[in-house]
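Below is one structure, written out as structure tokens; comments come after it.
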Amino acid sequence: MRPGSVAIVGAGPGDPELITIKAMLRIQEADVILYDRLVNEELLSYAKTEALRIYCGKSPGHHSMPQETTERLMIQYAAEGNKVVRLKGGDPFVFGRGGEEALAVAEAGIPYEVIPGITSAIGAAASAGIPLTHRGLAASFAIVTGSRCHDHASPVRWDMLAHSVDTIVVYMGVSQLSHIREQLLLHGKDVQTPVALIENGTTSRQRTVTGTLANIDRLAAAMKITNPALIIVGEVVKVREQLLSLESTARSQIG
């Protein structure tokens, strides 16, 4: 039997309307869809009725399906002649293990493609009114994962991040917020540096909390912010406050 194919697809940051046309076409064509926890399940409704849907999501400390099993199923179904979609939240090559999966299917000789998606750093930040770069405030940004905060074999270099980039974006780092704050202050970041927390970015459940390195951990605890959430550290957070102020002024003038 002629082998099928695998499409490693980015579903975007949460809002189903932010998926690309190409990604939607692959969902509609798919015989098998293996999807992650942060994928908006509304997207699955666009698949064929007979398409097999397999949940293989991961949450902090709990994997419903080991990564090796996910890769084996991708290869197995494609080898049987199916069009397989591996549907992942955000972008598959940004903390999505998409590179590992591409290597696995390539090694098995399965035709594959990677379809990028809007990653959470860009989507959630924009949804909250925070540009990651802004003339006069920030000309660079870095994206890191909070899950490596206590990885002694491959630690996050907070000493370098504190001064080498203008905006720092941390994925899945809310549970490590106190540690992140301490490290940035330890390595010379100003205590009044603005910080934003964006929970469930781009969705109807989005919440945004802003503060500074002086108080952001207390604000997060008071507001009970939980993952999935994004942490943005840098002067660009001030742009959100400027936009909100201008919007408020415009509303009052209309009223």
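Please read these numbers as outputs of a predicted model, since none were measured by experiment.
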Got a donor-acceptor contact below 3.5 angstrom from the [X] side chain to the [Y] backbone?
X: Ser248; Y: Leu244; result: no
X: Arg181; Y: Leu213; result: yes
X: His163; Y: His187; result: yes
X: Thr193; Y: Lys189; result: no
X: Thr119; Y: Ile122; result: no
X: Arg218; Y: Ala214; result: yes
X: Ser5; Y: Lys83; result: no
X: Arg240; Y: Ala128; result: yes

Checklist entry - Would Val169 and Val233 satisfy side-chain contact (heavy atoms from CB on, under 4.5 Å), going step by step from the backbone distance to the final call? => result CA-CA 6 Å; Val169 183; Val233 181; over 6 Å; no
Answer whether the closest heavy-atom distance between the side chains of [X] and [Y] falls below 4.5 Å.
X: Leu18; Y: Thr202; result: yes
X: Cys56; Y: Asp36; result: yes
X: Leu137; Y: Arg135; result: no
X: Pro228; Y: Asn200; result: yes
X: Thr226; Y: Val174; result: no
X: Met65; Y: Tyr55; result: no
X: Val195; Y: Ile232; result: no
X: Leu73; Y: Leu34; result: yes

Item to check | Derivation and outcome, side-chain contact (heavy atoms from CB on, under 4.5 Å), residues Leu197 and Thr208 | outcome: CA-CA 6 Å; Leu197 306 176; Thr208 304; over 6 Å; no
With sequence neighbours excluded, tell me which residues meet side-chain hydrogen bond (donor to acceptor under 3.5 Å, both in side chains) with [X].
X: Asp31; result: Lys48
X: Asp15; result: none
X: Glu42; result: none

Checklist entry - Which residues satisfy the salt bridge (charged side-chain N to carboxylate O under 4.0 Å, His left out) test with Arg207, sequence neighbours excluded? => result Glu199
Next on the checklist: For the residue pair Gln206 / Ser127, report whether a side-chain donor-acceptor contact shorter than 3.5 Å exists.
Outcome noted: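 On atom types as modelled, these side chains qualify, holding a pair under 3.5 Å.
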Next on the checklist: Is a donor from one side chain sitting under 3.5 angstrom from an acceptor on the other, for Thr210 and Glu241?
Outcome noted: yes
Next on the checklist: Listing request: all ring-ring contact (aromatic ring centres under 6.0 Å, His included) pairs with a residue in residues 126-148, at least two apart in sequence or in separate chains.
Outcome noted: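 Passing the test, one end in residues 126-148: no pairs.
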Item to check | side chain to side chain contact (heavy atoms under 4.5 Å, CB included) partners for Glu41, two or more places apart | outcome: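 Checked Glu41 against side chain to side chain contact (heavy atoms under 4.5 Å, CB included); matches are Tyr35, Leu44.
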Checklist entry - Roughly how far, to the nearest 0.5 Å, is CD1 of Ile143 from CG of Asp91? => result 9.5 Å
Checklist entry - Roughly how far apart are Met74 CE and Glu101 CD, rounded to 0.5 Å? => result 4.5 Å
